[in-house]
Amino acid sequence: MPELPEVETIANLLRQGTESQPAIIGKKITGARLLWERCLATPTFPEFKQRLIGQEIQKIWRRGKFLCLSLPSDILLIHLRMSGDLLVELESAPVLTHHRLILNLEGGVRLAFNDARKFGRVWLVVDPATVFGDLGPEPLDPSFTALDLFHRLQASRRQIKPLLIDQSFVAGVGNIYADETLHHAKLHPLRPSHTLTFSQAERLHHSLRQVLEEGIRRNGTSIDWVYRGGDFQNYLRVYQRTGEPCLVCGTPIQKMIVGQRGTHFCPVCQPYPVLIPEAHRS
DNA sequence: CACGAGACCTGTTCGC
DNA sequence: TGCGAACAGGTCTCGT
């Protein structure tokens, strides 16, 4: 499910709390319960529990699609993958079917990792870089410029859509926001990345930020049976709008499979350009 | 290096 | 109405 804007939304909720749920910053972890063994990537559960209990949640942040909780001696990393969610609930609340890991906190509340499809993972590490691997730049970070993006596009000959969702290219973009970004930037999903001009790269850079920021502003996208409170699904321009009119030109939105992922685009707003082979250029 | 297929999972929706 | 197939916001690994 969650891409950058959804993870950012969850981080905000955990930091600030809501009318019904307290913020969890500053709270100590008092207990842990593992309900689906494989969701804990590292360390073993006994060590996890022993290291975790007594530590206080000092900071909550995001890197790409990773949710990160800083503790005094460790960092707890959570990746929600397709169907994961984090809920703050009363200790007395019933344990829902898809709860996979529960952390008890001070004050009678708990943090529950819920994940129907069991793809999500949790790590407790000292150095998050060991888990992040070669994660690309944060698209909303001011240090990520259009020129950076242009250089990265030039360094590859891959199709732009699979490249955008490659986490080592830029961090945090998934299927929904990639399709939305390409439509906003008026670029065909199959366009080879190295054929983009600098001004097209600038446009892509701008579109990527516009779309991600709007997603965050609307508290993310809530689709399928997983409701998270966001309403960006009501403002999608192409994603899951196959056959419906393009909001810009009225042409029916088309769907194709690219890199095994459903890809939605407007054939008129996002034309595939006639490319002149390099060898034939004067 | 780039791409495709398959695996990991469960739940919902689609098509006959 | 019922049932199997297809599909879903992600990522890893393996083979070509």
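Labels below follow one simple rule: chain letters A, B, ... track the order of the sequence lines, proteins then strands, and each chain is numbered from 1. Values below: every heavy atom of this structure, side chains too, minus hydrogens, waters and symmetry copies.
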Check: To the nearest angstrom, how far is A/Met82 atom CE from C/dC12 atom P?
Finding: 14 Å
Notebook entry, point to check: With respect to the phosphate group of C/dG10, does any side-chain polar atom (N or O) of A/Arg261 fall under 4.0 Å of OP1 or OP2?
Noted result: yes
Check: Rounded to whole angstrom units, what separation is found between the CD1 atom of A/Ile165 and the C1' atom of C/dC12?
Finding: 14 Å
Note to self: Between P on B/dT10 and CG on A/Leu96, what's the gap in Å once rounded to a whole number?
What the structure shows: 17 Å
Notebook entry, point to check: Rounded to the nearest 0.5 Å, how far apart are CD of A/Gln16 and CD1 of A/Ile25?
Noted result: 9.5 Å
Margin query: Please pick, from B/dA2, C/dA8, C/dG10, the nucleotide with the shortest atom-to-atom distance to any side-chain atom of A/Asn175.
Written below: C/dG10
Note to self: Between C1' on B/dC9 and CG on A/Asp85, what's the gap in Å once rounded to a whole number?
What the structure shows: 17 Å
Checklist line | Non-hydrogen atoms of A/Cys249 and A/Thr251 that approach each other most closely | finding: SG-OG1, 3.1 Å
Next item on the list: Mark yes or no for a side-chain to base donor-acceptor pair under 3.5 Å between A/Arg157 and B/dA2, with no hydrogen or angle criteria applied.
Entry: no
Notebook entry, point to check: Base, sugar-phosphate alone, or nothing: which one does A/Gln260 contact when heavy atoms must sit under 4.0 Å apart?
Noted result: base
Check: Between B/dC9, B/dA2, C/dG10, which nucleotide has the shortest distance from any of its atoms to the side chain of A/Ser156?
Finding: B/dA2
Check: Under 5.5 Å between ring centres and under 30° between planes: true for A/Phe119 and the base of B/dC8?
Finding: yes
Checklist line | Distance, rounded to the nearest Å, where A/Arg81 contributes CZ and B/dC9 contributes P | finding: 11 Å
Check: If you check the A/Lys255 side chain, which of B/dA2, C/dC7, C/dG9 turns out closest?
Finding: C/dC7
Check: Think A/Lys65 has a side-chain N or O under 4.0 angstrom from the OP1 or OP2 of C/dG10?
Finding: yes
Item checked: Integer angstrom distance from the P of C/dG9 to that of B/dC14 -> 15 Å
Note to self: If you compare every side-chain N and O of A/Arg117 against the phosphate oxygens of B/dC8 (OP1, OP2), does one of them come in below 4.0 Å?
What the structure shows: no
Next item on the list: Please confirm whether A/Phe265 and A/His183 have ring centers closer than 6.0 angstrom.
Entry: no
Notebook entry, point to check: Given the side-chain rings of A/His205 and A/Phe144, with only the six-membered ring counted for Trp, is the space between their centroids under 6.0 Å?
Noted result: yes
Item checked: Short side-chain N/O contact to B/dC8 OP1/OP2 from A/Lys118, under 4.0 Å -> no
Check: What is the distance from CG of A/Leu164 to P of C/dG9, rounded to the nearest Å?
Finding: 15 Å
Check: Heavy atoms under 4.0 Å, any strand shown: does A/Tyr177 hit a base, just sugar-phosphate, or nothing?
Finding: nothing
Next item on the list: Rounded to the nearest angstrom, tell me the gap between atom CG in A/Leu80 and atom P in C/dT11.
Entry: 11 Å
Next item on the list: Rounded to the nearest 0.5 Å, what's the gap from CZ on A/Arg62 to CG on A/Leu77? Could you check?
Entry: 13.5 Å
Check: Does A/His98 put a side-chain nitrogen or oxygen below 4.0 Å from OP1 or OP2 of B/dC9?
Finding: no
Checklist line | Selection from B/dC8, B/dG11, B/dA2 that lies nearest to any side-chain heavy atom of A/Arg38 | finding: B/dC8
Notebook entry, point to check: What pair of heavy atoms forms the shortest contact from A/Ile165 to A/Asn175, and how long is it?
Noted result: CG2-N, 4.0 Å
Note to self: Using the P atom as the point on both nucleotides, what is the distance between C/dC7 and B/dA5, in whole Å?
What the structure shows: 13 Å
Checklist line | Span that lies between the P atom of C/dA5 and that of B/dG6, in whole angstrom | finding: 16 Å
Next item on the list: Would you mind telling me which of A/Asp179, A/Thr181, A/Asp166 makes a side-chain hydrogen bond (donor to acceptor under 3.5 Å, both in side chains) with A/Lys161?
Entry: A/Asp179
Checklist line | Base-paired stems in DNA chain C, each at least three Watson-Crick or G-U pairs under 3.5 Å | finding: B:2-8 with C:10-16, B:10-16 with C:2-8
Checklist line | Spacing between A/Tyr235 atom OH and C/dG9 atom P, to the nearest angstrom | finding: 22 Å
Item checked: Intermediate values then yes/no, ring-ring contact (aromatic ring centres under 6.0 Å, His included), A/Tyr177 and A/Phe232 -> CA-CA 11 Å; A/Tyr177 293 91; A/Phe232 190 53; 5.5 Å; yes
Check: Given C/dT11, C/dG9, B/dA5, which nucleotide is nearest the side-chain atoms of A/His79?
Finding: C/dT11
Item checked: All side-chain hydrogen bond (donor to acceptor under 3.5 Å, both in side chains) counterparts of A/Arg209, not counting sequence neighbours -> none
